[in-house]
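Notes for the one structure printed next.
Along the sequence shown, the residues carry numbers beginning at 1.
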Amino acid sequence: MGKWRTVRPGLERLLRELAKFGAVGALGFLVNVAIFNLCIHTFQLAPIRSGVISQVVAIGTNYLGNRYWTYRHIDKSRIHRETVLFFLFSGVGLVLENGILALSHYGFGYTSPLADNIAKNVIGLAIGTAFRFWAYRTWVFRVGTKSGTDPDADAEADGEPSPRLRPGGAPSDRVPVEPAASAGGGRIEIGGLAAEEQREDRRQLLK
């Protein structure tokens, strides 16, 4: 049970982060699909070119959503490095998505609009999204590292109390007990035992 209590807060933070990332990704997906089909059917562009254009716009949308919502608590002092890494890994995701599209369209000969959408916006998107989620939280926004804020501060921002810390920094569920003064008899309790009782114990040991 103690181990579960230790793991549970981190798991809950991961699930909240994943839900926010998914919501931002859903918006980026709508932008991606809309522009992809607009480029193909309205501007009569080639599938790969349309995929690259739509993906670039979706990447910009995802960056704004993740920077100012999903990972808004992460340190913003290294935003230049963060931006470079974000677009670098997003570019890798772009290659993955459009690589699946190119393989389907030119390699296997599935050239219908439906086949292009399935290849890019279903299979390619699933692979690209899994890669981006791992890359963003590991290298770009650095969740749970020194470049970010304390995970307990993040939990408090989401409405959860942070665990108390011992002087050494380890979390503890126990609240330190302060020496208390007894209201009756003028006795002072130290560590839960009266001073008078401690003296009596010493006399018994000396006999």
Side-chain angles (χ1 to χ4, degrees), residues 6-39 45 48-102 120-165 168-171:
T6 303
V7 173
R8 185 177 178 181
L11 180 61
E12 290 177 349
R13 283 193 295 271
L14 176 61
L15 291 177
R16 285 195 303 272
E17 178 186 329
L18 186 58
K20 291 180 179 180
F21 184 86
V24 172
L27 177 60
F29 171 77
L30 294 177
V31 171
N32 196 343
V33 172
I35 295 180
F36 177 70
N37 285 280
L38 181 67
C39 290
L45 297 179
I48 303 303
R49 183 179 299 178
S50 300
V52 171
I53 293 173
S54 64
Q55 190 67 35
V56 168
V57 178
I59 286 172
T61 303
N62 289 341
Y63 177 76
L64 294 175
N66 284 311
R67 170 68 276 177
Y68 296 104
W69 188 42
T70 307
Y71 300 106
R72 69 181 184 275
H73 57 283
I74 301 300
D75 182 23
K76 298 180 177 63
S77 62
R78 299 180 180 179
I79 195 166
H80 177 71
R81 170 187 173 279
E82 172 191 295
T83 303
V84 171
L85 287 177
F86 183 91
F87 283 97
L88 173 64
F89 287 118
S90 295
V92 175
L94 182 150
V95 171
L96 289 174
E97 288 188 30
N98 289 283
I100 298 296
L101 172 60
K120 181 183 184 301
N121 297 318
V122 178
I123 301 174
L125 181 64
I127 296 173
T129 298
F131 168 78
R132 284 192 295 269
F133 180 71
W134 169 81
Y136 293 167
R137 77 185 316 271
T138 304
W139 299 102
V140 181
F141 299 108
R142 303 297 294 274
V143 176
T145 64
K146 291 182 179 180
S147 62
T149 57
D150 186 1
D152 293 330
D154 180 31
E156 289 183 345
D158 287 323
E160 293 184 1
S162 63
R164 288 180 178 269
L165 297 178

Please name the residue in the list Phe89, Phe131, Phe86 that meets the ring-ring contact (aromatic ring centres under 6.0 Å, His included) test with Tyr136. Phe86

Sequence-distant partners of [X], side-chain contact (heavy atoms from CB on, under 4.5 Å), two or more places apart:
{"X": "Val84", "answer": "His80"}
{"X": "Val24", "answer": "Asn62, Asn66, Trp69, Thr70"}
{"X": "Val56", "answer": "Val52, Leu94"}
{"X": "Phe133", "answer": "Leu14, Glu17, Leu18, Phe21, Tyr71, Arg137"}

Those residues that, when tested against Phe87, pass ring pair (Phe, Tyr, Trp, His ring centres under 6.0 Å) (two or more places apart): Tyr63

Got a sec, which pairs hit salt bridge (charged side-chain N to carboxylate O under 4.0 Å, His left out) with one end in [range], sequence neighbours left out?
{"range": "residues 121-134", "value": "Glu97-Arg132"}
{"range": "residues 50-66", "value": "none"}
{"range": "residues 49-61", "value": "none"}

The complete set of side-chain hydrogen bond (donor to acceptor under 3.5 Å, both in side chains) pairs with one or both residues in residues 24-35, sequence neighbours excluded, reads Asn32-Ser54, Asn32-Gln55, Asn32-Lys120

Rounded to the nearest 0.5 Å, what separates atom [atom1] in [X] from atom [atom2] in [Y]?
{"X": "Thr129", "Y": "Leu96", "atom1": "OG1", "atom2": "CG", "result": "10.5 Å"}
{"X": "His73", "Y": "Arg13", "atom1": "NE2", "atom2": "CZ", "result": "9.0 Å"}
{"X": "Ile100", "Y": "Asn121", "atom1": "CD1", "atom2": "CG", "result": "12.5 Å"}

Please report the shortest heavy-atom distance between Ile53 and Cys39, naming the atom on each side.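 Here Ile53 and Cys39 meet closest at CG2-SG, 4.1 Å.
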
Which residues pass the side chain to side chain donor-acceptor pair (under 3.5 Å) test with Ser50, sequence neighbours left out? none

Side chain to side chain contact (heavy atoms under 4.5 Å, CB included) for Thr83 and Ile79? Distances and angles first, verdict last. CA-CA 6 Å; Thr83 303; Ile79 195 166; 4.0 Å; yes

